Amino acid sequence: MTGVLVIGGGPVGLVAAILLAQDGVDVTVWERRVDPPSGTRAIGIHPPSLELFDDLGVLDDIRVDAVRIDQGEAWSGGRRLGTVVFRDRPVAHPYVAALEQWRTERILRARLESIAPGSLSTGTACTSVRTVGDEVVVEGTDASGPVSARATMVIVAAGGRAGFPGGEDPGPVHRYRDRYLMGDVADRSGAGPIARVHLHRDGVVESFPLPRGMRRYVVHTGYTSPRDGAGRQPTADDLTTLVADRTGEEAAAATNTMLSAFGVRSRRRSRVLDGRIVHVGDAAHEISPIGGQGMNLGWADARVFAPLVARAVTGRGTLGREFAAAAEQQRRAVRRASWQAALNMRLGRPIPAPLVGVRDLGLRVALNGPMMPVLADAYTMRWLR
């Protein structure tokens, strides 16, 4: 019998487990992956999450290798339209820390192991969850065969696409027609630690600095299937051509370390609390990845809900009005993040050539006037409290 079983040992599940362990809760984490974390995936750690990481005791480890992004630029037609400056905002950490997700996960794993040794069980996949009286019975499989556990409560942080055996309907899925190609290459942009958004009539190119002299490019490729007419998957050469055509920058295909073609979907669960099961992160809500808010939104879930779960399982509180108020707070945060992500997508879509000048003029006014601090707060998720 454990106090809380966390299903999913990715970045959100690990943060939830650390918060619970720091609050004196007996916690177990089931993670279906066997191999150590790998892959770049999500990269941006925003100011509210940096404050949380300070509380978790991992901020110094995060900052050792992360690139500190304290400003972003908007470009069009080879000209800079304006700059959004983060470093002057009145927050404890006025920047976005860019770090590969695998590094973030390994830091979080080490922290969890230091305060709750042996709590992370890798290679363990959940197959069923059911509530029995005042307990939750969780069944699964590991390398040895079937396994089972009993917990006072369960937190599901297994992501939105992994599927979850049990609980209410996860909510309707809205699929956008937008397609993107994303890749990491050696940084030859000359932008250094600055993030850039290149607005082109054929679609946006976003670029972000990464550690070890790398840079991520995200390119809008239109509204077609991920496969072209010849049935061919996009390649690093495709990324190189698109980046060069729309930005004038070199994205050398030979230096590519990650390439992904993807579509966009959104989904929101009607209730995050299902009996004794709490859903967080993508298990509760999915938004467009454009803008890099999803992982930070999941961490905010953990920050808000983990203390309430800890109080409930230790007899210091109940999942009543306080949880309902917290759930409403997070619903508002999800709605705002979804709206902002959708706005980012619309701004980066292909547009007719005659409208490019109108769009660029509007952005110049916004980026070089009193709206700039508002945009800085929006893009660094200062509102996420």
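These figures come from a predicted structure and were not determined experimentally.
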Working for salt bridge (charged side-chain N to carboxylate O under 4.0 Å, His left out), residues D134 and R276: CA-CA 8 Å; D134 293 335; R276 291 181 169 272; 3.8 Å; yes
[X] side chain vs [Y] backbone, donor-acceptor pair below 3.5 Å:
| X | Y | value |
| --- | --- | --- |
| T2 | D26 | yes |
| N368 | L81 | yes |
| N256 | D184 | yes |
| N296 | H46 | yes |
| D70 | Y95 | no |
| D238 | T235 | yes |

Name of the residue among R212, R106, R41 meeting side-chain hydrogen bond (donor to acceptor under 3.5 Å, both in side chains) with E100: R212
Within 6.0 angstrom of R80 CZ, more than 12 heavy atoms from elsewhere: no
Please tell me whether [X] and [Y] have a donor and an acceptor in their side chains that are separated by less than 3.5 angstrom.
| X | Y | result |
| --- | --- | --- |
| T380 | R382 | no |
| Q293 | R336 | no |
| E139 | S128 | yes |
| R215 | S207 | yes |

Distance-minimising heavy-atom pair for V12 and G298: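 Looking at all heavy atoms of both residues, the shortest contact is CG1-O, 3.5 Å.
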Aromatic contact, Y223 with Y176 (centres under 6.0 Å):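 When the ring centroids of Y223 and Y176 are compared, they turn out to be at least 6.0 Å apart.
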Y180-F262 aromatic ring centre distance below 6.0 Å: yes
Mutual orientation of the aromatic rings belonging to H198 and W75 [parallel < 30°, tilted 30-60°, perpendicular > 60°]: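 H198 and W75: tilted rings.
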Hey, are the side chains of [X] and [Y] touching, using non-hydrogen atoms and a 4.5 Å cut-off?
| X | Y | result |
| --- | --- | --- |
| R150 | V137 | yes |
| D54 | H93 | yes |
| I115 | Q22 | yes |

Given V138, L120, V6, D142, the one that forms side-chain contact (heavy atoms from CB on, under 4.5 Å) with W30: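 Between W30 and the candidates, side-chain contact (heavy atoms from CB on, under 4.5 Å) is satisfied uniquely by V138.
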side-chain contact (heavy atoms from CB on, under 4.5 Å) partner of R246, chosen from V204, L199, V219: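 Testing each of V204, L199, V219 against R246, the sole residue satisfying side-chain contact (heavy atoms from CB on, under 4.5 Å) is V219.
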Salt bridge present between E105 and R33 (N-O < 4.0 angstrom): yes
